[in-house]
> 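Before we start, here is the structure in question, set down as structure tokens.
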Number of protein chains: 2
Amino acid sequence: MIDQNANTTRNQILDAARELFAKHGYAGTSIADVANQVGTSKAGVYYHFRSKEEILDAILDQPILSLSKLVERAAVEHLSPEQLLSAYIDGMARSGKVLIALWNDLSIQEKLTRHNVEEKCGQIISLLAGPQPTEGKLIRARAAFAVAQTAINIISSHNGYLSPEIRKELLDAALRALGQPPAHI
Amino acid sequence: MIDQNANTTRNQILDAARELFAKHGYAGTSIADVANQVGTSKAGVYYHFRSKEEILDAILDQPILSLSKLVERAAVEHLSPEQLLSAYIDGMARSGKVLIALWNDLSIQEKLTRHNVEEKCGQIISLLAGPQPTEGKLIRARAAFAVAQTAINIISSHNGYLSPEIRKELLDAALRALGQPPAHI
DNA sequence: GTCTATAAGGGGATAGAC
DNA sequence: GTCTATCCCCTTATAGAC
């Protein structure tokens, strides 16, 4: 919680790692790469983190927590598909490009499995599919979730910013894929 | 072209590599892993392939060619969104799980860039967006393409098979995301 | 065609000086 | 806190026997 955005060496390392993991993946990024990007040495990095994996954990911490909270909240508050997809898109927007990169990074899939990431997404998809999910409803729910996921790609290609107009367009597309055209037309 | 499906050692190596690349990614799979899976030695693998990259090329060859052909055909024949998405889904179904894994594998992104994969997908998205693409139409086209991409995940979770019913459900969801509800309802 | 043995280099991680 | 030097293992790739 402390100095979340302070310009400490530790945060510089995290920023460099986020950028490099997003570009080359976890396995494709070496500690030397991170050190060079920051302008320090490998041992310098290891002064701030016990291992490469600890850097990854520090990066994954916030997005995974955010996903967990959304799933918990959705189960309790009985969110509508629109609210669910909306919240998911906003969560992605906050986490940035590195999330989708790590998400698809097979070299850390074991860790993601340990944190039940796929299971939590499955829960969101179940909620989107509704109480009596036929196979068709599940397919549509998956489709809607996939549309929401593309938010991150669009954000990346718009300099890290998701305008309200584009956000709405994306949300509507997801809802239509789900089979629930938005009422507010 | 010759012995495409013959049970040669070379094909066994390719099958093992496909399976392991799909599971652990390209960088996360070693030649020793492939050799063990086949039941041979590292040097045995290197008798059939000059390098690890040559194995990757052999695996990527067909799906990239298939994508290129689709883009060419689409440009000439003026395919409808339904035809485009349909053909894309079928192409994915033929290539199998390894494609989406390699697709998202940042450790081989340079190679995919060299083969203009992203550019070709962009062309498909442009065709989906239509002749005078507003920003909104482009977002919807991206969404529809993303839905089609999920075909591969659904295929993976259905033992490699995409039933006509599920295929239709997916295609309809993609078309709705695009803003063109299928006429055949 | 397939093996064992080994070269060559990269990557994570640590020791110890400053 | 940060550096240089080093250790050790894993990986790609090759040499040469069978």
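Throughout, protein chains are lettered first and strands after them, A, B, ... in sequence-line order, and every chain is numbered starting at 1. Since this is a predicted model, take the numbers as computed values, not measurements.
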> Nearest whole angstrom, please: distance from the C1' of dA13(C) to the CG of Leu56(A).
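So the CG-C1' distance, Leu56(A) to dA13(C), works out to 17 Å.
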> Let me know the distance between CD1 of Ile55(A) and P of dA13(C), rounded to the nearest Å.
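One finds 9 Å between P of dA13(C) and CD1 of Ile55(A), rounded.
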> Under a 4.5 Å cut-off applied to non-hydrogen side-chain atoms, are Lys52(A) and Val34(A) in contact?
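Heavy-atom side-chain distance check fails, nothing below 4.5 Å.
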> Nearest-Å distance, CD (Glu54(B)) to C1' (dT12(D))?
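One finds 14 Å between C1' of dT12(D) and CD of Glu54(B), rounded.
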> Rounded to the nearest Å, what distance is computed from the OH atom of residue Tyr46(A) to the P atom of nucleotide dA13(C)?
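Going from OH in Tyr46(A) over to P in dA13(C) covers 4 Å.
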> What integer distance in Å separates Lys52(A):NZ from dG12(C):C1'?
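Taking NZ of Lys52(A) and C1' of dG12(C), I get 8 Å after rounding.
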> Using atom CZ of Phe49(A) as one end and atom P of dG11(C) as the other, report the distance to the nearest whole Å.
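The answer, rounded to whole Å, is 20 Å.
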> Remember a base hit wins even if backbone is also touched, and classify Ser30(A) as base, sugar-phosphate or nothing at under 4.0 Å, heavy atoms.
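If one applies the 4.0 Å heavy-atom cut-off, Ser30(A) turns out to touch the sugar-phosphate alone, with no base involved.
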> Answer yes or no: is there a side-chain heavy-atom contact under 4.5 Å between Ser163(A) and His158(A)?
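Ser163(A) vs His158(A): side chains apart.
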> Measuring from Ile124(B):CD1 to Leu70(B):CG, what's the distance to the nearest 0.5 Å?
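Answer for the CD1-CG pair, Ile124(B) versus Leu70(B), is 4.5 Å.
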> Using whole Å, report how far NZ of Lys42(A) lies from P of dG16(C).
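In whole Å, dG16(C) P and Lys42(A) NZ are 18 Å from each other.
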> Could you check which of dT2(C), dT14(C), dA13(D) has an atom nearest any side-chain atom of Ser51(B)?
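Looking only at side-chain atoms, Ser51(B) lies closest to dA13(D).
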> Could you state the atom-to-atom distance from CZ of Arg50(B) to P of dT12(D) in whole Å?
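The distance from CZ of Arg50(B) to P of dT12(D) comes to 18 Å, rounded to the nearest Å.
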